[in-house]
J.: 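Structure in structure tokens, see below.
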Amino acid sequence: MQGIASGTLQHPLNQALLKMEFMKKLFFIVVTLLLSISYANANSYIFIGAGPLTEEAYLVGGAISKTVNNKIRVFRLRASVESTQGDKETLRLLKSGDVELGVVHSKTHASKDHVRAVFSIPKTSVIIVTSDKTPDSVIYSFTKAIFENLNFFKIQLKSMNIIHPKPNESSVGGGLADDAVFTKGNMLTGFSYTIHPAASKYYKEKGIKPKRW
């Protein structure tokens, strides 16, 4: 009797376990399919070198990646942020072609022969750079993805405390941007690198000119 009773109790349990296993596999298949669709929607995949995980540059890189990936179907572009040991390694990877974009600080001393600016984070020392070897089509699409999705980009930066919600909350000279200075024009200031031709083309088309806060 005990054997029968035990078997009776175990049968529903086995069914439940099998059902759970089936649901896990189904979930994995669905996630894989969705990811494959996202990749298929992107014509280009860009890697962003952005310093150590806990530093400002990496946080900005993460915000950029989320902003680009938020509009994969629109701009046909997908981004991934990669941790580096710092600005020097980021620029080295940029020169070798291992990354298409880099998030570095304007005070970093490096050869400007191959480095081109795309934009900066106003009132900080952070600039987004690329190589003169990066295809124009990629940089044009990237620039467009950021500037035409700027509100989403700002939200990501606010969540990481790179931007303060109110102007009076930003520290004077403390390297924090706020909504009052985070304008498209101000994103073209704060660096001495030449702007990449494809980014410059987009700015000219949209009438975006450098401004000072």
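Bear in mind that the values here come from a model prediction, so they are computed numbers and not experimental data.
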J.: Would you check if there is a donor-acceptor pair between the side chains of D87 and H105 at a distance under 3.5 Å?
T.: yes

J.: Any side-chain heavy atom of L157 within less than 4.5 Å of one from V60?
T.: yes

J.: Taking C-beta and beyond as the side chain, do L94 and T90 meet within less than 4.5 Å on heavy atoms?
T.: no

J.: Do K154 and L150 have side chains that approach each other closer than 4.5 Å (heavy atoms only, starting at C-beta)?
T.: yes

J.: Consider only side-chain N and O atoms of T183 and N186, and report whether a donor and an acceptor are under 3.5 Å apart.
T.: yes

J.: Just checking, is any N or O donor in the side chain of E82 or S80 under 3.5 Å from an acceptor N or O on the other one?
T.: yes

J.: Does a side-chain heavy-atom distance below 4.5 Å link T67 with Q156?
T.: yes

J.: Before we go on, tell me: are the rings of Y203 and F147 under 6.0 Å apart, centre to centre?
T.: yes

J.: Can you confirm whether or not the ring centre of F142 sits under 6.0 Å from the ring centre of Y140?
T.: no

J.: Taking a hydrophobic cluster as the set of Ile, Leu, Val, Met, Phe, Trp and Tyr residues connected by side-chain heavy atoms closer than 4.5 Å, whether directly or through intermediates, do Y193 and I128 fall within one such cluster?
T.: yes

J.: Hey, can you tell me if F153 and F182 have their rings parallel, tilted or perpendicular (30° and 60° cut-offs)?
T.: perpendicular

J.: Could you check Y202 against V118 for side-chain contact (heavy atoms from CB on, under 4.5 Å), going step by step and ending with a plain yes or no?
T.: CA-CA 11 Å; Y202 174 81; V118 183; over 6 Å; no

